[in-house]
Every structure is written in structure tokens, then in C-alpha cells.
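What follows is a short report on a single structure.
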Amino acid sequence: MYQIKNRIYPAFDKTQKSGICNYLRALVKQNLSLSAEEILDKFLEDEKYYLELGASRFPFLEDVIEERDFLKDTEMYIKECIKYYEYKEKQRPIIEANKEFERKKRKFLQEVKMSKEEPTKKQLYYYDRLCKKYSIEKKDVKKLSKLDLRNEIESILNEHSDDYKNLD
């Protein structure tokens with residue numbers, strides 16, 4: 001897509017080219033179900049309408065909107081945008097799988113780090129309060145890691161949250 005962007009609209013300056021390309025890319029993204037010709041027709045129809053009103057984002061198009069080179073460049077760019085979004089859609093499962101893998105990796109690394117740290121005062125206090133609340137015998141927490149204590153607290157909460165669910 002970037003190679004085509006360098007070849008199209010040679011008469012436009014950098015800002016004009018960037019503006020029209022960004023607009024076309026957004027238009028293609030919104031209308032992926034349409035063909036390139038239909039998207040081009042929609043673009044031309046909208047631009048002609050706004051040019052007639054004198055409210056166009058691209059007033060510089062007034063002189064070139066009917067030229068064959070402009071139409072050819074615009075259609076070529078639209079087709080390239082469609083290819084880009086179709087490719088991106090095909091890559092979505094791979095990207096999602098990578099994100100999930102990275103999420104699991106971060107969680108694993110966090111747990112490894114926690115397994116080497118001592119429990120925090122808040123954890124110790126919370127564990128103490130849970131044991132008192134549910135009349136559970138306390139374990140020796142001096143030997144437990146931050147991760148172990150977290151898991152212990154989770155197991156107490158899970159065990160006793162089931163009791164509350166059964167009472168309802």
C-alpha cells in the first residue's frame with residue numbers, strides 16, 4: 001500500500017495526498033462489503049456534492065475530480081486498501097493467538113516472581129481475618145511465598161463462597 005501511495009497523485013503536495021489517502025482508507029474500512037468501483041462512486045458522489053456546496057474537505061479536487069489520471073489513481077489506491085484490510089482480517093486469528101500467548105506468559109512470569117517473594121503485610125492480615133471469620137485453623141505462613149498465600153486465600157474464599165450460594 002505504501003509503494004502505491006508514493007506513485008499516486010503526483011500533482012498533489014504532501015499534505016493534500018496524505019489527507020485524501022487517509023480519507024479513502026477510512027472510507028474503505030467503513031465499506032468493506034462494497035466493491036472498489038462502488039466505493040469510488042460513493043467517494044466521487046460525496047465530493048461532488050460537497051464541492052457544489054463549497055464545503056469540501058478537499059477543495060483542490062475541484063479541477064481534477066473528473067480527470068482520468070485522478071480516477072485511475074484513486075481506484076488503484078482503493079483496491080490496495082481493500083487488499084490491506086482483507087489481509088489484516090486474515091491475520092486476526094494469529095494476532096489474537098499471539099496476544100493470548102503474551103497474556104499467559106505475563107501471568108506465568110508474575111507467578112514465578114510472586115513465588116520468590118515473601119507475603120505482604122496486607123496478605124498476612126487478610127489471611128488472619130479470614131481464618132478468624134470462618135474459624136479455620138491457621139497454617140504456618142512464614143514458610144509460604146506470596147503466591148502460596150494468595151492461593152491459600154483464594155481457596156478459602158472459594159470454599160466459603162459456595163456455602164453462601166447454597167444458603168440462598
Rounded to the nearest 0.5 Å, what's the gap from CG on Leu27 to CG on Leu40? Could you check? 9.5 Å
Sequence neighbours excluded, every pair satisfying side-chain hydrogen bond (donor to acceptor under 3.5 Å, both in side chains) that has a member inside residues 78-90: Glu89-Arg92
Is there a path of hydrophobic side-chain contacts, each under 4.5 Å between heavy atoms of I, L, V, M, F, W or Y residues, that connects Leu130 with Leu144? yes
Roughly how far, to the nearest 0.5 Å, is the CZ atom of Phe12 from the CG atom of Asp73? 8.5 Å
Show every donor-acceptor pair shorter than 3.5 Å between a side-chain atom in residues 99-107 and any protein atom, with sequence neighbours excluded, or say none if there are none.
residue	atom	partner	partner atom	Å
Glu100	OE1	Arg103	NH1	2.4

Would you name the heavy atoms of Pro119 and Val141 that are closest together and state the gap between them? CG-O, 4.2 Å
Shortest non-hydrogen pair, Lys17 vs Asn6, comes out as NZ-O, 3.6 Å
What's the verdict on side-chain contact (heavy atoms from CB on, under 4.5 Å) for Lys116 and Val112, showing C-alpha distance, side-chain angles and the deciding distance? CA-CA 7 Å; Lys116 296 176 183 176; Val112 167; 4.1 Å; yes
Is it possible for you to say whether Phe60 and Tyr49 belong to one hydrophobic cluster, with membership spreading through side-chain heavy-atom contacts below 4.5 Å? no
In this structure, OG of Ser18 is separated from NZ of Lys5 (nearest 0.5 Å) by 5.0 Å
Passing candidate, salt bridge (charged side-chain N to carboxylate O under 4.0 Å, His left out) with Glu152, options Lys138, Lys146, Lys139: Lys139
Going by heavy atoms in the side chains, are Glu159 and Tyr134 under 4.5 Å from each other? no
On a heavy-atom basis, the closest approach of Ser56 and Leu51 is CB-CD2, 3.6 Å
Distance col, row Glu111:CD vs Ser145:OG, nearest 0.5 angstrom, shows 10.0 Å
Nearest 0.5 Å please: distance from the CZ atom of Phe43 over to the CG atom of Leu61. 5.5 Å
Are Leu149 and Thr120 packed together at the side-chain level, in the sense that at least one heavy-atom pair is separated by less than 4.5 angstrom? no
Report the C-alpha distance between Thr74 and Tyr9 in whole Å, list the side-chain angles of each, state the deciding distance to 0.1 Å, and finish with yes or no for side-chain contact (heavy atoms from CB on, under 4.5 Å). CA-CA 8 Å; Thr74 304; Tyr9 309 129; 2.7 Å; yes
Between Glu118 and Gln123, is any pair of side-chain heavy atoms under 4.5 Å apart? no
Please report the C-alpha distance between Glu62 and Glu47 in whole Å, then the side-chain angles of each, then the deciding distance to 0.1 Å, and finally whether the side-chain contact (heavy atoms from CB on, under 4.5 Å) criterion is met. CA-CA 9 Å; Glu62 191 168 13; Glu47 277 311 303; over 6 Å; no
Shortest non-hydrogen pair, Ile4 vs Met76, comes out as CD1-CG, 4.1 Å
Do Pro10 and Asp69 touch side chain to side chain, with heavy atoms closer than 4.5 Å? no
Audit row: Phe70, Ile20, side-chain contact (heavy atoms from CB on, under 4.5 Å) steps and yes/no: CA-CA 11 Å; Phe70 173 77; Ile20 199 161; 3.9 Å; yes
Measure from the side-chain N and O atoms of Asp13 to the backbone N and O of Gln16, and report whether any donor-acceptor pair falls under 3.5 Å. yes
Taking all non-hydrogen atoms of both residues, which atom of Tyr77 and which atom of Arg25 are closest, and how far apart? OH-NH1, 2.9 Å
pair Ile94-Gln91: side-chain heavy atoms closer than 4.5 Å: yes
Does Leu71 share a hydrophobic cluster with Ile65, counting links as ILVMFWY side-chain heavy atoms below 4.5 Å and allowing steps through other members? yes
Distance flag, aromatic centroids of Phe58 and Tyr50, threshold under 6.0 Å: no
Let me know which of Leu44, Leu24, Leu32, Ile82 forms a side-chain contact (heavy atoms from CB on, under 4.5 Å) with Ile39. Ile82
Under 4.5 Å between side-chain heavy atoms, counting indirect links through other Ile/Leu/Val/Met/Phe/Trp/Tyr residues: same cluster for Ile153 and Ile136 or not? yes
Is it the case that over 12 heavy atoms from other parts of the model lie below 6.0 angstrom from the OH atom of Tyr126? no
